[in-house]
Amino acid sequence: MTGSRRRARALALQALYEIDSVGHKAEEILDRLLAEQPLSEENNSFVRELVSGVIQNRENIDQSIIKFAPAWPLEQIPLIDRNILRLAIFEILLDNRVPIKVAINEAVELAKNFGGDSSARFVNGVLGSVSALASR
């Protein structure tokens, strides 16, 4: 299950990245990505819910990023890191389907796989601050 959920999160991240970088429509991106890399019906739904949740709550999520990464203006955070943070913050603060540690670990793994050399450390640091707020 973990491997398939990780693949689902990676697809959600790819969709969010494409939406953020070139502005394609979420539904078209998701249809294409899910056709290219089939998942179980449950994980297809999970990907769609993650992307939809991030899009619907993006303004609030971005405010959390600004609050917990004050040294970095939002637009200066690398696109991939910004979208990893959006995905994880959605899971931590709004979705509440997985334990906070799982959401952070998954985000750090995405940062290791898709981000730059310091992405994992940056993502972990920001999400550590977010999780301190969430567990109050």
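For the side chain to side chain contact (heavy atoms under 4.5 Å, CB included) test, residues two or more places apart in sequence or in another chain that qualify with Ala12 are Val47, Leu50, Val51, Leu87. Taking Asp81 as the reference, Ser119 meet the side chain to side chain donor-acceptor pair (under 3.5 Å) condition, with sequence neighbours excluded. Asn96 is linked by a side chain to side chain contact (heavy atoms under 4.5 Å, CB included) to nothing, counting only residues two or more places apart in sequence or in another chain. Remark: Asn105 engages no residue in a side chain to side chain contact (heavy atoms under 4.5 Å, CB included) (not counting sequence neighbours). Under the side chain to side chain donor-acceptor pair (under 3.5 Å) criterion, Gln14 pairs with no residue at all, not counting sequence neighbours. Checked against salt bridge (Lys or Arg N to Asp or Glu O under 4.0 Å), Glu59 has no partners two or more places apart in sequence or in another chain. The side chain to side chain donor-acceptor pair (under 3.5 Å) test applied to Asn60 returns no partner, not counting sequence neighbours.
Between Leu33 and Ala15 the shortest heavy-atom distance is CD1-N, 3.7 Å. Shortest non-hydrogen contact noted between Ala103 and Glu91 is CB-CB, 4.1 Å. The shortest non-hydrogen separation linking Ala10 to Leu110 is CA-CD2, 3.8 Å. Of all heavy-atom pairs spanning Ser131 and Gly128, the tightest one is OG-O, 2.9 Å.
Listed by first and then second residue, the ring-ring contact (aromatic ring centres under 6.0 Å, His included) pairs involving residues 73-114 amount to none (not counting sequence neighbours). Listed by first and then second residue, the side chain to side chain donor-acceptor pair (under 3.5 Å) pairs involving residues 44-53 are Glu27-Arg48, Asp31-Arg48, Glu49-Arg97, Ser52-Gln56 (not counting sequence neighbours). Legend: ring-ring contact (aromatic ring centres under 6.0 Å, His included) pairs involving residues 10-62, not counting sequence neighbours: none detected. Legend: salt bridge (charged side-chain N to carboxylate O under 4.0 Å, His left out) pairs involving residues 110-130, not counting sequence neighbours, sorted by first then second residue: Glu109-Lys112.
Between Asp20 and Arg86 the shortest side-chain heavy-atom distance falls below 4.5 Å. Inter-residue side-chain proximity for Ile80 and Leu13 is flagged as met; some heavy-atom pair is nearer than 4.5 Å.
The CG atom of Asn124 sits 12.5 Å away from the OG atom of Ser118 when rounded to the nearest 0.5 Å. To the nearest 0.5 Å, atoms CG (Asn43) and OG (Ser4) are separated by 4.5 Å. Taking CG of Leu11 as the start and CG of Leu16 as the end, the distance is 11.0 Å to the nearest 0.5 Å. Note: Ile29 CD1 to Leu34 CG = 11.5 Å, rounded to the nearest 0.5 Å.
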### Message
Run the side-chain contact (heavy atoms from CB on, under 4.5 Å) test on Ile61 and Leu94 for me, step by step, so that the C-alpha distance in whole Å, both residues' side-chain angles and the decisive distance to 0.1 Å come before the verdict.
### Response
CA-CA 9 Å; Ile61 293 169; Leu94 301 166; 4.2 Å; yes
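Arg9 contributes no side-chain N or O that, together with a main-chain N or O of Ala88, makes up a donor-acceptor pair within less than 3.5 Å.
Screening Arg5, Arg7, Arg6, Lys101 against Glu106 for a salt bridge (Lys or Arg N to Asp or Glu O under 4.0 Å) leaves a single residue, Arg6.
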Throw together a table of side-chain donor-acceptor distances under 3.5 angstrom for residues 65-79, partners on residues two or more places apart or in other chains.
none

